[in-house]
J.: 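If you scroll down you'll find the structure; I have some questions about it.
Numbering of ligands and ligand atoms starts at 1, following listing order. For the numbers below, each heavy atom of this structure counts, side chains included, while hydrogens, waters and symmetry mates do not.
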Amino acid sequence: MNINQEFETIAAISTPLGTGGVGVIRISGDKSFDIALKISNRKDLPAGKICHGWILDGETKVDEVVILPFKNPNSYTGEDVVEIQCHGGVNVVRNILDVVLRNGARMAERGEFTKRAFLNKKLDLSQAEAVDDLIHAKTSNFAIQSAKNLSGVLATKINEIKAEIFETTSRIVAGIDFPEDVAEPEYSYLIERFTKSLDEINKILACAKSSDILRQGVKVAIVGRPNVGKSSLFNALLNLDRAIVTDIAGTTRDIIKENLDLGVAVTLIDTAGIREDENIDKVEEIGIEYSKQSAQEADLNLFLYDANVGITDEDKEIYNIIKIKTHIVVANKIDLLTTEFKEEIQNTARLSVYTKDGLDDLKEKMKSIVCQFSLEETEFITNKRQQSCLLRCKESLERALQAAEMEELQDMIYIDLKSALLSLDEITGEVITDDILNNIFDHFCIGK
Ligand code: GDP
């Protein structure tokens, strides 16, 4: 969709397709009210009022509904919007959408409602991105952080920094344009202002790593020889029967991933048994290679060995791969021990996945390590696009600062300040191309 495209009336199902209490069909655009009146038994739809009625397909009653009419600009998209709340069944919502589409609306594209909200200035771009974050948040913590950006926390901060840079830029321009009347600002003043703006930008960028972790989650890999209980532990941590568990060595041939909420989002990875063995077949060889890779990529490795067998040469080899990374050593199957446990590696966690003995302790240990990855106060949540804009702004400001320190011509400094401002405009969406915009909204779901 093009920014300048004339807006047609769009419609989509805004609730997940499934069986539930309520389903919502959203219509946005000039024809929303006409369509809703045409397909219902309502004589009028007063804006801002809750309207009860029936959706009709000709003579056929489709469903008894509640209709919520919003008159522009007081709606999510800023256009005329009608939301139809019907009974939450897959076919009911589909039937209603079908009637709406046959009566003058077209199917909405991904994120088109939010895109219209942005284009109608109901949200800035950072808020629109927060909508997507909020919907897709993997943890309750990230959902709360995203809601902060939806309320405009990032946008407000960016606008504050922009206002500061703008003020300095105006003084420089006044000095350049009216040299007789207005004195150029002092270099010491410029240095002070640029340093302040840089500090503010750095403060937001300092939260980049923890906001990435909040968004994407911490990768935790379970590694170890075949048959030590990796898949069993994977299931136990997730409370599910996802991975296949057998007592034949090497059954976990693929890498399996699942999300786990430990306050911070965790992607739990069950690797194929890492084993350097001449007799293994090709599939397992590939599996081993994958495992080594994922052990390298993981933020935290759980290295599992069989307490009853003790640490073998194979175990040592695997341990050597992961020991330089953040890891927890776990001695599993302690229920099978006939003698007292002998700690071969310091700080080994003892576990029996079978009896669940030690499972809660292990979870706590994981939690404390995983939380350290996002310990810094995450005041500002940013995504990669916003971080790249901030980095560009920072580079421009650093050039301006350097120029001010060397007392260069203020015309030159002005150019850097202008590009710093442009980079910030991109974050909130004042300056944006169709490509960037489509790229952002293509990730949304239909109906949002
Ligand atoms: P993987 O190859 O490392 O993924 O190991 P699995 O999870 O497939 O487990 C191998 C075998 O060990 C299965 O028969 C499990 O039931 C068994 N097992 C796993 N954990 C324990 C445990 O704590 N105690 C006992 N007794 N058996 C376990």
J.: For the residue pair Ser32 / Thr9, report whether a side-chain donor-acceptor contact shorter than 3.5 Å exists.
T.: no
J.: Within the 4.0 Å heavy-atom shell around Asp335, which atoms of ligand 1 are there?
T.: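 That gives atoms 22 (C), 23 (O), 24 (N), 25 (C), 26 (N) of ligand 1.
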J.: Give the single entry among Asn227, Val223, Leu359 that approaches atom 2 (O) of ligand 1 most closely by any heavy atom.
T.: Asn227
J.: Under 4.0 Å from any heavy atom of Ser232, which atoms of ligand 1 are there?
T.: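 Selected atoms, number and element: 6 (P), 7 (O), 9 (O), 15 (C), 19 (C).
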J.: Could you list the atoms of ligand 1 found under 4.0 angstrom from a heavy atom of Leu336?
T.: 26 (N)
J.: Mark up the atoms of ligand 1 that fall under 4.0 Å of a heavy atom belonging to Lys230, in ascending order.
T.: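 This gives 1 (P), 2 (O), 3 (O), 4 (O), 5 (O), 7 (O) as the contact atoms.
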J.: Do Arg26's NZ or CZ and the ring of Phe113 fall within the cation-pi criteria of under 6.0 Å and 45°?
T.: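 Yes, Arg26 sits over the ring of Phe113.
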J.: Going by the atom numbers of ligand 1, which of them fall below 4.0 Å from some non-hydrogen atom of Ser352?
T.: 23 (O)
J.: Which atoms form the tightest heavy-atom contact between Asp124 and Ala155, and what is the distance?
T.: OD2-CB, 3.1 Å
J.: Checking Lys448 against Tyr76: charged group under 6.0 Å from the ring centre and within 45 degrees of the axis?
T.: yes
J.: What atoms in ligand 1 come closer than 4.0 Å to a heavy atom of Arg225?
T.: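 Taking each heavy atom of Arg225 in turn, ligand 1 has 3 (O) under 4.0 Å.
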J.: Going by the order shown, which atoms of ligand 1 are within less than 4.0 Å of some heavy atom of Val353?
T.: 20 (N), 22 (C), 23 (O)
J.: Looking only at heavy atoms, is any part of Ile334 under 4.0 Å from ligand 1, and if so is it the side chain, the backbone, or both, or is it neither?
T.: neither
J.: Pro226 heavy atoms, cut-off 4.0 Å: which ligand 1 atoms fall inside?
T.: 2 (O)
J.: Do Glu314 and Thr312 have side-chain N/O donor and acceptor atoms under 3.5 Å apart?
T.: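 Looking only at side-chain atoms, Thr312 and Glu314 do not form any donor-acceptor pair under 3.5 Å.
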J.: Regarding ligand 1, does Leu351 bring an N or O atom to under 3.5 Å of one of the ligand's N or O atoms?
T.: no
J.: Report yes or no: does a heavy atom of Gly224 sit under 4.0 Å from some atom of ligand 1?
T.: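 Not so, Gly224 does not reach ligand 1.
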J.: Tyr319 vs Phe303 aromatic rings, parallel, tilted or perpendicular, using cut-offs 30° and 60°?
T.: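 Judged by the thresholds at 30° and 60°, the geometry between Tyr319 and Phe303 is tilted.
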J.: Can a side-chain donor-acceptor contact be found between Lys323 and Asn320 if the only test is distance below 3.5 angstrom?
T.: yes
J.: Which distance, rounded to the nearest 0.5 Å, do you find between the CD1 of Ile50 and the CG of Leu68?
T.: 6.5 Å
